[in-house]
Amino acid sequence: SQSTFSLVKFPIKVRITHIIRHGRRQAGCFTCCHAPDSCTTLSCCPCFDFPEYIVKEVNASQYIYVRENSLEWNNPGMQASKGLCCGNSCCDLTVKDNVTVLYFDDVYFDDIRNDTR
């Protein structure tokens with residue numbers, strides 16, 4: 001005879017216990033203004049920062065969550081938008097999320113320190 005069993009699904013909810021305010025991206029010490037939205041390549045020059053729209057989008061995409069069993073954070077970067085030049089845009093940037101989840105039982109958890117504040 002075959003044994004039959006069924007899995008009982010229990011709703012498991014891990015709640016977010018804290019939301020930590022993240023740091024803001026700082027422009028370099030030689031930066032005097034933002035590159036124009038239509039010419040993002042100027043941000044390669046030391047006196048120009050990335051266009052203001054992409055800096056705001058990157059800052060809006062950052063977060064740090066402390067959960068009951070883990071830490072989760074997003075440290076986004078920038079990438080070229082989709083466009084006509086080999087599939088990429090030469091003039092537009094978009095946010096590229098870089099989400100990391102670190103569980104408290106992970107061996108790397110002990111290496112986390114707050115050296116930035």
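The analysis underlying the following values was restricted to heavy atoms, covering all of them including side chains, and did not include hydrogens, waters or symmetry mates.
- Residues satisfying the side chain to side chain donor-acceptor pair (under 3.5 Å) criterion with Asp97, sequence neighbours excluded, are Ser61, Asn74.
- Between the side chain of Thr17 and the backbone N or O of Val66, at least one donor-acceptor pair lies under 3.5 Å.
- With contacts defined as side-chain heavy-atom distances shorter than 4.5 Å, the pair Tyr63/Asn75 does not qualify.
- Side-chain contact between Met78 and Val58: present, with at least one pair of heavy atoms (C-beta onward) separated by less than 4.5 Å.
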Given the rule in the side chain to side chain contact (heavy atoms under 4.5 Å, CB included) test, do Asn69 and Tyr103 qualify, once you have shown the distances and angles that lead to the verdict? CA-CA 6 Å; Asn69 65 342; Tyr103 293 93; 3.9 Å; yes
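- Following chains of ILVMFWY side-chain contacts shorter than 4.5 Å, one cannot reach Val55 starting from Phe48, and the two form parts of different hydrophobic clusters.
- In this view, Tyr53 satisfies the ring pair (Phe, Tyr, Trp, His ring centres under 6.0 Å) rule with no residue, not counting sequence neighbours.
- The heavy-atom pair separating Phe104 from Ser70 by the smallest distance is CE1-N, 3.6 Å.
- A heavy-atom distance below 4.5 Å is found between the side chains of Gln62 and Pro76.
- Contact annotation: the side chain of Phe50 approaches that of Leu93 to within less than 4.5 Å [non-hydrogen atoms, C-beta and beyond].
- The closest side-chain heavy-atom distance from Trp73 to Val101 is not below 4.5 Å.
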